[in-house]
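Chain letters run A, B, ... following the sequence lines, proteins first and then strands; every chain starts at 1. None of these values were measured; they are calculated from a predicted model.
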2 protein chains.
Amino acid sequence: MAPALMFDIDRSSPTPLYFQLARAIEGAITGGALPAGSRLDNELLLAQRYGLSRPTVRRAVQELVDKGLLVRKRGVGTQVIQPHVSRSVELTSLYEDLARSGASPTTAVLSLERVPAPVDVAGELDLPEGEELVVVRRLRSSGGEPLALMTNYLPGRFMPTVEDLTERGLYQYLRAAGVHLRVAHQRIGARMARAEEARLLGEPPRSAVLTMQRTAFDDVGQPVEFGRHIYRASRYDFETTLVGR
Amino acid sequence: MAPALMFDIDRSSPTPLYFQLARAIEGAITGGALPAGSRLDNELLLAQRYGLSRPTVRRAVQELVDKGLLVRKRGVGTQVIQPHVSRSVELTSLYEDLARSGASPTTAVLSLERVPAPVDVAGELDLPEGEELVVVRRLRSSGGEPLALMTNYLPGRFMPTVEDLTERGLYQYLRAAGVHLRVAHQRIGARMARAEEARLLGEPPRSAVLTMQRTAFDDVGQPVEFGRHIYRASRYDFETTLVGR
DNA sequence: GATGACCTTATGTCAGAACAAAGTATTGAC
DNA sequence: GTCAATACTTTGTTCTGACATAAGGTCATC
């Protein structure tokens, strides 16, 4: 039985109540107050204790179920799962992932030009073939070691500078340009590195690399970015959390 | 403006109303009745038309937003995104994925034995080191060509037979054994194939392969399966959909 | 003609209530 | 003592109702 944890719910704060509660419970889990396998108090009780309604509590719990931290079972209750802390792949750029985990990412812009859209990229970005695009090729390193080789395509209306892409990440530039990224489709595969890629990444020739292809959509459902990335398999992998019904 | 699509909502059916509505809208999108970029009717209107309440409609729409098919924007409405139909990676086995997509998967059980748990696997399954485990090594093919080499560990209480694993998938066996899989953490990487792996997969030696490590948890939050899989990169890749706030 | 205030529209958040369904525990009969 | 029916607990689904907030357009004013 879980102890009566006490969180502060600030009703005057603009952050939604369900989000405050979700964050508080998440903190209790990662902080160890709620060990793996322990049962959460039932929804009615939680609602009563914090002066919230059941739908609000349910939404907070749902948030954590989606994150893979809790498991619900009708007639039984809600339990804490292994706190594997695998921060599930979110809609963030590699740069942000690295910066948040304490690494100090650096970026070298290899090229930045404007070209007519190739057929395949035009299809991904839902633009007519030949439309002008911005193409940027970058080498991302962390801890002094190369990590990824990234090629990104943006519609021609964007005009990033080399400084934008060196100092911060591509996604930070897009946000500053008023773009709100909402959804992305991505495809992860593997293949052998080509000679130039291996050289840039500091890997032996013909070594295995992870490939990632991503198309990102903004909040009106329009594609705004298409990228083909290559990661050093020896230094990087993807973590995801899958949630069943 | 979207045409007045008409779905049947069956109130006597045991399937939840929000799910029926979600499936209907999804069908309209993939079927072409709702092209990419078109706006959905607003929630109040939808609720009125089908005799549902707004929360129910919202839940249905949310379902599709999570799937990456729709995008919501406050004050504006809900729009259909590119129907990329990248069925996001779900909590299913490779076998089910293949079977559903019309392929005819076959499985060869290479070995099936009981061994004391190695340190790393014991940690993943949250069991004491040395505890008896079931280990199964399988080669999955589709269309006559090898596709994946799979090594899976189960707690000793399970006793699958070679037939179980040949005729159906591992997850189907687990479900039949009364296990309800709920969450899985997985890690995707790449590396070079070892000699034996390349031989089994029918790839040239030292070619690139995709690796996947998965720990699956049941509905009481306990780990019940740990697997290390190797996929032929030339024939397989992972698709995911990321949804931002 | 540009800019700000205001209104409309649509989604976002929250409350309170009721019944359904599934799992567990208890109780009762044999 | 065993087993089945029953009661209880807890999450699942759905409703009604209300107010908040953001985006976009309109209109009047400067």
Side-chain angles (χ1 to χ4, degrees), chain A residues 1-2 9-23 25 38-66 70-80 178-180 182 218-222 243-245, chain B residues 1-2 9-23 25 38-66 70-80 178-180 182 218-222 243-245:
Chain A
M1 172 54 175
I9 299 294
D10 180 7
R11 292 194 94 88
S12 67
S13 163
T15 70
L17 302 179
Y18 75 87
F19 193 78
Q20 291 184 43
L21 181 58
R23 206 166 34 187
I25 296 175
S38 64
R39 256 210 295 284
L40 226 62
D41 294 321
N42 74 57
E43 299 170 351
L44 245 23
L45 212 86
L46 283 174
Q48 213 171 60
R49 177 149 60 216
Y50 300 112
L52 300 170
S53 68
R54 184 154 89 105
T56 304
V57 172
R58 269 184 74 75
R59 173 130 188 214
V61 172
Q62 188 61 49
E63 202 93 346
L64 299 178
V65 168
D66 290 342
L70 296 177
V71 179
R72 294 211 259 216
K73 207 173 166 190
R74 164 163 17 175
V76 178
T78 305
Q79 292 190 26
V80 180
V179 176
H180 299 132
R182 278 293 175 83
D218 71 0
D219 43 9
V220 291
Q222 215 154 26
V243 180
R245 252 179 317 183
Chain B
M1 174 52 172
I9 300 294
D10 180 6
R11 290 194 99 86
S12 68
S13 162
T15 71
L17 301 179
Y18 74 86
F19 193 77
Q20 291 184 42
L21 181 57
R23 207 166 35 187
I25 296 176
S38 64
R39 256 210 293 286
L40 226 64
D41 294 322
N42 75 56
E43 298 171 350
L44 244 24
L45 211 86
L46 284 174
Q48 215 171 56
R49 175 147 62 217
Y50 300 111
L52 301 170
S53 69
R54 186 156 88 103
T56 304
V57 172
R58 269 184 74 74
R59 175 132 188 213
V61 171
Q62 186 62 49
E63 203 93 346
L64 298 179
V65 168
D66 289 342
L70 296 177
V71 180
R72 293 212 260 216
K73 206 173 165 190
R74 165 159 23 174
V76 178
T78 305
Q79 281 182 305
V80 179
V179 175
H180 299 133
R182 276 295 174 83
D218 71 0
D219 47 10
V220 291
Q222 216 155 24
V243 181
R245 254 179 316 180

task: Could you tell me which residues satisfy salt bridge (Lys or Arg N to Asp or Glu O under 4.0 Å) with B/Arg59, sequence neighbours excluded, listed by chain and number?
output: none

field: Most 5' of A/Thr15 and B/Asn42 on DNA chain C, judged by nearest nucleotide
entry: B/Asn42

query: Which nucleotide span of DNA chain C, 5' end to 3' end, has atoms closer than 4.0 Å to non-hydrogen atoms of chain B?
result: C/dT9 to C/dT13

field: Pairwise distance OG1(B/Thr56) to CG(B/Leu21) - rounded to 0.5 angstrom
entry: 9.0 Å

message: List the residues meeting salt bridge (Lys or Arg N to Asp or Glu O under 4.0 Å) with B/Lys73, not counting sequence neighbours, and say none if there are none.
response: none

message: I need the minimum non-hydrogen distance between A/Leu17 and A/Leu52, along with the two atoms involved.
response: CD1-CD2, 3.7 Å

message: Using 0.5 Å steps for rounding, measure from the CG atom of B/Leu40 to the CD1 atom of B/Ile25.
response: 5.5 Å

message: With nearest nucleotide decided by heavy atoms, which residue, B/Tyr18 or A/Pro14, maps closer to the 5′ end of DNA chain D?
response: B/Tyr18

message: At 4.0 Å (heavy atoms only), tell me whether A/Leu44 reaches a base, stays on the sugar-phosphate, or touches nothing.
response: nothing

- prompt: If you pin B/Glu43 and A/Lys73 to their nearest nucleotides in DNA chain C, which one's is more 5'?
  reply: B/Glu43

- request: Under 4.0 Å from any heavy atom of chain A: name the first and the last nucleotide of DNA chain D that qualifies, 5' to 3'.
  value: D/dT9 to D/dT13

message: Test of understanding: with side chain to side chain contact (heavy atoms under 4.5 Å, CB included), list the residues that count as partners of B/Asn42, not counting sequence neighbours.
response: B/Leu44, B/Leu45

- prompt: What residues form a side chain to side chain contact (heavy atoms under 4.5 Å, CB included) with A/Arg58, not counting sequence neighbours?
  reply: A/Glu43, A/Arg54, A/Arg72

- request: Check every strand shown and say whether B/Arg58 touches a base, only sugar-phosphate, or nothing at a heavy-atom separation below 4.0 Å.
  value: base

- request: Tell me what A/Pro16 touches on the nucleic acid: a base, only sugar-phosphate, or nothing, going by heavy atoms under 4.0 Å.
  value: sugar-phosphate

query: Just wondering, more than 12 heavy atoms not from A/Gln48 lying within 6.0 Å of its CD?
result: no

message: Students often get this wrong, so: under 4.0 angstrom with heavy atoms, is B/Thr56 touching a base, only sugar-phosphate, or nothing?
response: sugar-phosphate

